[in-house]
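No experiment lies behind these values; they were computed from the predicted model shown.
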Amino acid sequence: MSRIKRGVTTRAKHKRILDQAKGYRGRRKNTIRIARQAVEKAGQYAYRDRKVKKRTFRALWIQRINAAVRNEGLTYSQFIHGVKLAGIELDRKTMADLAMNEGGVFSAVIAQAKAALPA
């Protein structure tokens, strides 16, 4: 029975890890043991931050809407309540974009929300 040599497989695995570690500083880019740890940790951060990004953007949209709505004399929570009562089905991302780029249209949305609020 012939002997199995594993050099090709090992080199391929190491090459894949080192390619992923390209651009890292110090021995993290060229020493397999340290590069493997760095790549694994980077993957953990990437996985976590794909979730965090969604939270961060939602918070940003809320801040933008709040700033635009306060110019019209409402608070964010009053505005959202008015939007729900008026039956306006715009999400926060769209409303934030309107507030930033289409001030007149957003003012109309605010007017509808104000009208829907109980006096």
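- For the atom pair NZ (K15) and CZ (R11), the distance works out to 11.0 Å, reported to the nearest 0.5 Å.
- D49 places no side-chain N or O within 3.5 Å of a backbone atom of V52 that could act as its donor or acceptor partner.
- Annotation: cation-pi geometry not satisfied between K53 and F57 (NZ/CZ under 6.0 angstrom from ring centroid, within 45° of ring axis).
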Pair V83-L90, side chain to side chain contact (heavy atoms under 4.5 Å, CB included): steps then yes or no: CA-CA 9 Å; V83 164; L90 291 175; over 6 Å; no
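- Within a 6.0 Å radius of CD in E40, other residues, nucleotides and ligands contribute 12 heavy atoms or fewer.
- Taking 4.5 Å as the limit, some side-chain heavy atom of H14 sits within range of a side-chain heavy atom of R36.
- Screening R70, M95, M100, K93 for a side chain to side chain contact (heavy atoms under 4.5 Å, CB included) with I65, the sole residue that qualifies is M95.
- The CG atom of N30 lies 13.5 Å from the OH atom of Y24; values are rounded to the nearest 0.5 Å.
- By the 6.0 Å contact criterion, NZ on K5 is open, its count of non-hydrogen atoms from other residues, nucleotides or ligands being 12 or less.
- For the pair A116 and G82, the tightest heavy-atom approach, listed with the atom from each and the gap, is CB-O, 3.7 Å.
- The two residues L18 and A35 make their nearest non-hydrogen contact at CD2-CB, 3.8 Å.
- Cluster membership check: L98 does not share its hydrophobic cluster with L60, using side-chain heavy-atom separations under 4.5 Å among Ile, Leu, Val, Met, Phe, Trp and Tyr.
- Within the model, atoms CZ of R92 and CZ of R64 stand 15.5 Å from one another, a figure rounded to the nearest 0.5 Å.
- Closest of all the heavy-atom pairs between E72 and S107 is OE2-OG, 3.6 Å.
- More than 12 heavy atoms of other shown residues, nucleotides or ligands fall within 6.0 angstrom of atom CD in Q44.
- In this structure, the separation between CD on Q37 and OG1 on T31 is 10.5 Å, given to the nearest 0.5 Å.
- Within a 6.0 Å radius of CZ in R48, other residues, nucleotides and ligands contribute more than 12 heavy atoms.
- Residues I34 and V39 do not share a hydrophobic cluster, clusters being chains of Ile/Leu/Val/Met/Phe/Trp/Tyr side chains in contact below 4.5 Å.
- The distance from atom CZ of R16 to atom NZ of K13, rounded to the nearest 0.5 Å, is 7.5 Å.
- Tested against F79, the residues V109, N66, L117 include a single side chain to side chain contact (heavy atoms under 4.5 Å, CB included) partner, V109.
- T94 and D91 share a side-chain donor-acceptor pair at under 3.5 Å.
- Of the possible polar contacts, none joining the K84 side chain to the I80 backbone as a donor-acceptor pair under 3.5 Å is found.
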